[in-house]
Amino acid sequence: MRILVTGGTGFVGRPLCQRLAEAGHDLLVVSRDPASARDLLPAGARVADTVMAFAEARPEAIINLAGESIAGKRWSEAQKHRLVDSRVDITRELVKLCGRLAESDAAPQVMLSGSAMGYYGDQGDNRVTEETPPHDEFAHRLCERWEQEAKAAEAHGVRVVLVRTGLVLEKDGGTLAKMLTPFKLGLGGPFGSGRQFMPWIHREDMLALLEFLLEREDLSGPFNASAPKPETNAAFTATLARHLKRPAFMAVPACVLKVGLGEMANLLLTGADMRPARLEEAGFRFQYPTLDQALTAILGR
Ligand SMILES: NC(=O)c1ccc[n+]([C@@H]2O[C@H](COP(=O)([O-])OP(=O)(O)OC[C@H]3O[C@@H](n4cnc5c(N)ncnc54)[C@H](OP(=O)(O)O)[C@@H]3O)[C@@H](O)[C@H]2O)c1
């Protein structure tokens with residue numbers, strides 16, 4: 001298939017592009033910096049800095065992962081706008097492309113579009129499936145806008161899948177890479193009460209489920225992309241420390257995080273016991289269903 005990818009140079013996108021190229025797909029990658037992107041992408045991937053540059057290429061599928069890093073900077077009002085606009089603007093362009101291609105009966109068959117566990121907001125101890133009503137807060141509003149923008153492609157006959165992603169785990173990036181240094185120094189520990197849930201997923205499972213959702217023509221709508229056994233922050237912390245053979249007693253009080261990070265502290269202090277109900281119902285098999293299995297694979301290498 002000819003697959004248009006946004007965010008193809010990222011922590012998820014880069015190995016995804018590698019996997020798709022190895023499976024024989026043609027890649028059309030949108031990047032803000034095509035010259036640097038070419039060095040990161042598989043040989044043969046075409047790169048452009050706008051979505052519309054690929055109108056002639058007629059992509060048959062779209063995978064939309066681009067966006068400013070959620071945990072990169074403190075959430076000032078300006079940064080919140082960047083978080084929203086960096087997702088919504090490119091998604092709107094993708095929908096425009098779908099519309100243009102639909103005029104000549106060549107709309108892409110499917111668009112997988114990013115979203116996150118933040119869609120649900122703070123859910124305390126509730127068990128969360130795709131049916132669970134969200135809690136209204138910034139993370140929810142961000143994901144809601146991103147999802148609504150993507151859903152507009154349905155009007156052009158495109159199958160739209162919304163991938164509500166948990167913390168993607170691998171050691172070369174994302175949350176785990178940030179945690180490894182302090183934990184290796186014995187400075188790790190839970191955040192706040194430690195009772196907040198951290199839905200997580202091994203990156204290999206993330207790539208596999210994206211391929212699964214791409215191929216399964218009967219599936220659309222929201223899918224929780226996280227392992228079937230989420231952990232609380234305290235359990236996650238203890239498991240990581242055990243794998244690294246280090247202590248994890250350095251608890252960080254909630255008030256310290258709130259002063260240091262402002263509203264962004266919510267990312268660390270709240271969460272959702274998110275379950276991949278629809279993926280399991282559809283028959284997707286996780287290679288790494290437990291955190292122990294995931295960390296053994298990641299840290300054992
Ligand atoms: N990793 C996780 O644990 C996780 C969890 C939940 C949800 N997600 C979501 O899944 C998507 C992929 O995750 P990821 O970890 O692979 O993301 P990432 O590495 O942080 O970034 C993905 C790509 O987005 C583009 N990008 C970055 N800042 C941008 C900006 N200001 N405006 C436009 N484009 C920008 C970059 O591509 P170019 O430089 O080539 O333009 C970057 O390679 C993201 O949207 C993320 O929010 C990730």
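Just follow the structure's listing: the first ligand is 1, and inside any ligand the first atom is 1. Given the structure is predicted, the values throughout are model-derived calculations rather than measurements.
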ask   = Would I201 end up clustered with I63 when hydrophobic side chains under 4.5 Å apart are linked, directly or stepwise?
value = yes
ask   = Nearest protein heavy atom to atom 10 (O) of ligand 1: under 4.0 Å?
value = no
message = Using a 3.5 Å distance criterion without hydrogens, assess whether the side chain of R216 forms a donor-acceptor pair with backbone atoms of A282.
response = yes
message = Taking 4.0 Å as the limit for heavy-atom contacts, which would you say applies to Y119 with ligand 1: side chain only, backbone only, both, or neither?
response = neither
request  = Applying side-chain hydrogen bond (donor to acceptor under 3.5 Å, both in side chains), name anything that partners R246, two or more places apart in sequence or on another chain.
outcome  = none
query = Identify the closest protein heavy atom to atom 45 (O) of ligand 1: which residue and atom is it, and at what distance?
reply = L65 O, 2.9 Å
key: Proximity flag L167 to ligand 1, non-hydrogen atoms under 4.0 Å   = yes
key: Steps toward side-chain contact (heavy atoms from CB on, under 4.5 Å) verdict (D125, R195)   = CA-CA 8 Å; D125 296 334; R195 287 183 53 198; 2.9 Å; yes
query = Under 4.0 angstrom from ligand 1, any heavy atom of W200?
reply = no
request  = Identify, for atom 8 (N) of ligand 1, the protein heavy atom at the shortest distance, and state residue, atom and that distance.
outcome  = T165 CB, 4.4 Å
task = Would you mind checking which non-hydrogen protein atom is closest to atom 13 (O) of ligand 1, with the distance to 0.1 Å?
result = V12 CG2, 4.0 Å
task = Decide whether an N or O pair under 3.5 Å exists between T9 and ligand 1.
result = yes
query = Are R278 and E281 close enough for a salt bridge, meaning some N to O gap below 4.0 Å?
reply = no
key: Distance-only donor-acceptor check, side chains Y120 and N126, under 3.5 Å   = no
ask   = Is a side-chain donor or acceptor of D205 paired with a backbone partner of Y288 at a separation under 3.5 angstrom?
value = yes
query = Within the side chain of Q196, is there an N or O that forms a donor-acceptor pair under 3.5 Å with the backbone of N233?
reply = no
query = Taking N or O atoms only and a 3.5 Å limit, does G10 qualify as a polar contact for ligand 1?
reply = yes
ask   = Among the clusters formed by ILVMFWY side chains lying less than 4.5 Å apart, do V168 and L295 turn up in the same one?
value = no
ask   = Protein heavy atom under 4.0 angstrom of atom 48 (C) of ligand 1, is there one?
value = no
key: Ligand-side contact atoms (ligand 1) for residue partner W146, heavy atom cut-off under 4.0 Å   = 45 (O)
Heavy atom of the protein closest to atom 5 (C) of ligand 1 (residue, atom name, distance) = G166 O, 3.1 Å
ask   = Just by modelled atom types, is the D49 backbone N or O under 3.5 Å from a matching donor or acceptor in the S31 side chain?
value = no
remark   = closest protein heavy atom to atom 32 (N) of ligand 1 is S86 CB, 3.3 Å
ask   = Would one find an N or O of S31, backbone or side chain, under 3.5 Å from an N or O of ligand 1?
value = yes
query = Does E204 come within less than 4.0 Å of R19, counting only side-chain N to carboxylate O?
reply = yes
ask   = Where the side chain of R74 meets the backbone of G260, is there a donor-acceptor pair that is under 3.5 Å apart?
value = yes
query = For atom 2 (C) of ligand 1, what is the nearest protein heavy atom, given as residue, atom name and distance?
reply = V168 CG2, 3.6 Å
request  = Looking only at protein heavy atoms, identify the closest one to atom 17 (O) of ligand 1 and say how far it is in Å.
outcome  = F11 N, 4.6 Å
request  = Would you check whether E68 has a nitrogen or oxygen atom less than 3.5 angstrom from a nitrogen or oxygen atom of ligand 1?
outcome  = yes
request  = Would you confirm whether any non-hydrogen atom of the protein falls under 4.0 Å from atom 38 (P) of ligand 1?
outcome  = yes
request  = Quick one: look up the protein heavy atom nearest atom 34 (N) of ligand 1 and list residue, atom name and how far away it is.
outcome  = R32 NE, 3.6 Å
message = Hydrogens and angles aside, do Q148 and R145 bring a side-chain donor and acceptor to less than 3.5 Å of each other?
response = no
remark   = For A116, the atoms of ligand 1 under 4.0 Å from one of its heavy atoms are 6 (C), 7 (C)
query = When only distance counts, is V30 in polar contact with ligand 1, meaning an N/O pair under 3.5 Å?
reply = no
query = Counting N and O atoms only, with roles assigned by atom type, does the side chain of R159 sit under 3.5 Å from a partner on the main chain of L214, one being a donor and the other an acceptor?
reply = yes
Contact check, R87 vs ligand 1, heavy-atom distance below 4.0 Å = yes
ask   = If you measure from each heavy atom of S115 to ligand 1, is any distance below 4.0 Å?
value = yes
